[in-house]
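Have a look at the structure below before the remarks.
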Amino acid sequence: MRTIVAGNWKMNTDRASAAALVDALVKESVRFGAQAEVIIAPPFPFLAMAVEKCQGTPIRVAAQNCHQSEKGAHTGEVSAAMLKSIGVQACIVGHSERRHYFGEGDALIGEKVAALLAQGLTPLFCCGEQKEERESGRHFEVVTGQMKGALGPFSNAELERIIIAYEPVWAIGTGLTATKEQAQEMHAHIRALLHTHGASVAERVPILYGGSCNPTNAEDLFAQADVSGGLIGGASLVAEQFLELVRIASNVSSSRQ
Ligand code: PEP
């Protein structure tokens, strides 16, 4: 399995800085090698531009959110079909910021996953526990609940089209990172949950780590047996750092062959 490096730009950049960031990645993309898969998730207004600039490169463009309905009276929302129509290939769902600031729960997140799959887009499904949940030893239970709550209804063929990102909430944007042991044991747990749907689901679904991942800690994290790459926030906004993460991912992948 190739190592995936996905950049979540969140509500950052403007037209000029988004263009400059995509240009910097596109310029270096000839050096990505076949071993690393690169996804960027710019804000909605810059998606079409990013898709255009990334055409003919190995970089895939993702959205950061979508609505669960196909169309209709949902002022301010964006559908999976709209994303598909401009060439977006994937979409983040269930990010902790959407769960906590926008009240999105597992059932709604599952509906968004279904909407994306129906359009042939790749859902990048995030899960992860909060600080108190880890401190009280409930982190496995919480992640199991999120996985079952959102992904329970899907067939094996559908599950195989999803990318999962484990993002402990206490590590997102805080500078705190899960240790490689903490990451590996949760990724193994998620892999085991996938295994209940069959060996091929467990083998095919990439599980990314997210939470203050940067060029200093990435090698240790990406090298863990059940870690298939990273979902990167802050470090994805600095071209040199993101490119360094892609280089590390590529090396880790090559050494696994
Ligand atoms: C994220 O929000 O998905 C994330 C991983 O952010 P950061 O890398 O900044 O912790």
Side-chain angles (χ1 to χ4, degrees), residues 3-13 17-18 21 25 36-44 46-47 50 59-66 88 90-104 109 112-113 116 122-131 133-134 139 142-143 146-147 150 162-180 182-184 186-187 190 206-222 224 226-249:
T3 306
I4 299 172
V5 183
N8 174 12
W9 295 9
K10 310 193 186 187
M11 199 172 72
N12 293 299
T13 68
S17 58
L21 186 47
L25 303 181
E37 198 174 316
V38 178
I39 301 173
I40 54 170
F44 282 132
F46 312 131
L47 285 172
I59 305 171
R60 285 202 286 164
V61 177
Q64 298 173 18
N65 182 34
C66 70
V88 167
C91 180
I92 299 171
V93 279
H95 191 279
S96 69
E97 288 152 17
R98 301 276 339 157
R99 290 176 188 267
H100 300 124
Y101 304 136
F102 299 90
E104 295 191 3
I109 293 163
K112 292 186 179 203
V113 170
L116 290 163
T122 303
L124 206 167
F125 168 80
C126 305
C127 56
E129 81 286 355
Q130 304 197 49
K131 187 165 174 272
E133 293 166 337
R134 177 163 282 270
H139 42 298
V142 167
V143 169
Q146 292 170 336
M147 292 270 301
I162 294 173
I163 298 173
I164 292 175
Y166 166 59
E167 300 204 300
V169 180
W170 47 271
I172 296 179
T174 58
L176 296 173
T177 315
T179 63
K180 58 184 198 295
Q182 285 171 326
Q184 169 53 27
M186 184 59 86
H187 283 234
I190 294 170
I207 309 170
L208 313 186
Y209 167 80
S212 299
C213 189
N214 59 47
T216 314
N217 56 34
E219 191 165 352
D220 273 353
L221 290 160
F222 293 175
Q224 299 308 301
D226 290 296
V227 177
S228 326
L231 178 56
I232 317 297
S236 71
L237 293 167
V238 183
E240 299 71 39
Q241 290 192 26
F242 192 66
L243 289 165
E244 180 59 9
L245 288 165
V246 175
R247 194 192 61 77
I248 293 168

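Note that ligands are numbered from 1 as they come in the structure, with each ligand's atoms numbered from 1 the same way.
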Verdict with supporting geometry, W170 and E129, side chain to side chain contact (heavy atoms under 4.5 Å, CB included):
CA-CA 8 Å; W170 47 271; E129 81 286 355; 2.8 Å; yes

Any chance you could lay out the salt bridge (Lys or Arg N to Asp or Glu O under 4.0 Å) test for R99 and E104, step after step, and finish with the verdict?
CA-CA 4 Å; R99 290 176 188 267; E104 295 191 3; over 6 Å; no

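Protein residues having a heavy atom under 4.0 Å from any atom of ligand 1 are N8, K10, H95, E167, A171, I172, G173, G210, G211, S212, L231, I232, G233, G234, listed by chain and number.
Counting all heavy atoms, side chain and backbone alike, G229 lies closest to T3 at CA-CG2, 3.5 Å.
Distance check: Y209 OH to L221 CG gives 6.0 Å after rounding to the nearest 0.5 Å. Note that NE2 of H100 is 10.5 Å distant from NE2 of H95, once rounded to the nearest 0.5 Å. Once rounded to the nearest 0.5 Å, the distance linking CD of Q184 with OH of Y166 reads 12.0 Å.
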